[in-house]
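This report refers to the structure that appears directly beneath it.
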Amino acid sequence: MSLQGKVILVTGGTSGIGEGCTRHYASLGAKVVFASIQTERGQALEQELRAEGYEADFVYTDVTQEQSVQALVARALERHGRVDGVHCNAGAWAQGKATDFDDAAWDLIMGVNVKGALWVAKHVIPVMERQGKGVIVLTTSVAAHIGFPQHVVYCASKAALEAIIRCLTTDHAGVVRVVGISPGTIDTPMLAATCAGWDKPKEEVYADVAQRIPVRRLGQPIDIARAAAFLLSDDASYISGTTLVMDGGTMVLPPW
Ligand SMILES: NC(=O)c1ccc[n+]([C@@H]2O[C@H](COP(=O)([O-])OP(=O)(O)OC[C@H]3O[C@@H](n4cnc5c(N)ncnc54)[C@H](O)[C@@H]3O)[C@@H](O)[C@H]2O)c1
């Protein structure tokens, strides 16, 4: 399995799962163009990867803004002339029940997770159509299928991504492969943020959670990166319109 010479875009590529993916795709020989709103982290990671001999470019991109996404795709084309794969991974999270709902929650979570993925699809699919080929991987979540307490907008955003995967697969058949990757509990800054305000330290919460996961550990970004790299590669050329669940077995557990 190789990404040698492939041009791969990663959104949210400077932290957690996305950072793991940026590093792993580069190590597999991809020309990585990675994007986020974290300029300092992006520039530092770009420097580090280039010093190791990899081809990596950071592009500041706010996926909620069409012009910003357009500029990202233009930059990748200017630099490499093509886009073989895109990993729509940028994500935002905030707690809240329906009774806490407000415009800010909608704009943040739906803006980044759903609108962001649609802007990326809008601007890379014409490139892939001109090439005759391309792959889009989207980071969804087990939250698309579970009613996590106080996560109504986040869960709705991830369920929307599952629908988007199906629609992109239908609308761009023959050219674009579209695959979701659905992480369970992955050790990232976003997961740590969900533990803020709990009555136990994060480490204890993680140890308790790990005991309930069938593989008995939390996932690491590299777990997701390895699977996503496979989905982006030609070895996965018969996989489209579906989602790979990577939750260490959590979703099969009985409810009692
Ligand atoms: N960590 C988990 O357990 C878990 C589980 C399921 C799904 N996910 C999903 O995985 C993805 C990555 O999450 P993570 O846990 O690595 O979180 P993270 O907070 O470490 O990373 C999120 C990334 O998204 C970027 N981002 C946020 N808003 C953006 C914007 N407007 N434009 C561009 N980039 C933006 C951030 O800069 C960051 O690089 C998200 O889509 C998240 O919903 C995470």
Side-chain angles (χ1 to χ4, degrees), residues 9-24 32-46 58-73 86-95 104 107-120 123 136-146 148 151 153-162 164-165 180-196 202 205-206 209-210 213 217-225 227-228 243-248 250-251:
L9 257 63
V10 186
T11 68
T14 52
S15 173
I17 291 172
E19 179 182 347
C21 290
T22 296
R23 290 178 183 279
H24 190 55
V32 185
V33 180
F34 62 107
S36 80
I37 51 174
Q38 295 168 299
T39 304
E40 269 179 40
R41 289 177 70 112
Q43 287 171 346
L45 184 55
E46 178 186 82
F58 171 71
V59 183
Y60 172 90
T61 308
D62 179 350
V63 294
T64 66
Q65 304 300 313
E66 180 174 17
Q67 283 179 342
S68 191
V69 171
Q70 227 171 344
L72 166 68
V73 176
V86 175
H87 186 163
C88 289
N89 168 79
W93 162 90
Q95 236 174 19
D107 292 347
L108 173 71
I109 302 169
M110 288 300 200
V112 177
N113 299 3
V114 182
K115 188 161 77 163
L118 286 169
W119 287 140
V120 173
H123 290 286
I136 301 177
V137 168
L138 298 98
T139 305
T140 68
S141 172
V142 293
H145 304 286
I146 294 175
F148 280 112
H151 275 69
V153 185
Y154 182 77
C155 291
S157 76
K158 294 298 182 175
L161 282 182
E162 294 288 345
I164 288 170
I165 289 164
I181 195 152
S182 178
T185 312
I186 314 299
D187 186 0
T188 70
M190 185 186 284
L191 185 70
T194 67
C195 297
K202 184 186 89 174
V205 177
Y206 282 12
V209 171
I213 297 172
R217 67 172 176 87
L218 266 58
Q220 295 298 323
I222 188 65
D223 292 313
I224 304 302
T243 293
L244 176 63
V245 178
M246 298 209 55
D247 65 347
T250 313
M251 290 277 281

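Order of appearance sets the numbers: ligands from 1, and atoms from 1 within every ligand. Residue indices begin at 1 and follow the sequence shown.
For Q65, the side-chain hydrogen bond (donor to acceptor under 3.5 Å, both in side chains) criterion is met by no residue, not counting sequence neighbours. Not counting sequence neighbours, the partners of T243 by the side-chain hydrogen bond (donor to acceptor under 3.5 Å, both in side chains) test are E162. Applying the side-chain hydrogen bond (donor to acceptor under 3.5 Å, both in side chains) criterion to S36, with sequence neighbours excluded, gives T14.
For the pair G12 and N89, the tightest heavy-atom approach, listed with the atom from each and the gap, is O-ND2, 3.3 Å.
With K202 contributing its side chain and A193 its backbone, the two residues share no donor-acceptor pair below 3.5 Å.
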Write 'none' if nothing qualifies; otherwise put on separate lines each N/O atom of ligand 1 with a protein N/O atom under 3.5 Å away and their distance to 0.1 Å.
residue	atom	partner	partner atom	Å
ligand 1	1 (N)	I186	O	3.2
ligand 1	1 (N)	T188	OG1	3.1
ligand 1	3 (O)	G184	O	3.3
ligand 1	3 (O)	I186	N	2.8
ligand 1	3 (O)	I186	O	3.4
ligand 1	15 (O)	T188	OG1	2.5
ligand 1	16 (O)	I17	N	2.8
ligand 1	20 (O)	S15	OG	2.5
ligand 1	24 (O)	G91	N	3.4
ligand 1	31 (N)	D62	OD1	2.9
ligand 1	32 (N)	T61	O	3.3
ligand 1	32 (N)	V63	N	2.9
ligand 1	37 (O)	Q38	OE1	3.0
ligand 1	39 (O)	G12	O	3.4
ligand 1	39 (O)	T14	OG1	3.2
ligand 1	39 (O)	Q38	OE1	2.8
ligand 1	41 (O)	N89	O	2.9
ligand 1	41 (O)	K158	NZ	2.9
ligand 1	43 (O)	Y154	OH	2.6
ligand 1	43 (O)	K158	NZ	3.0

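A perpendicular orientation is assigned to the rings of Y154 and H151, their planes being inclined by more than 60° (bins at 30° and 60°).
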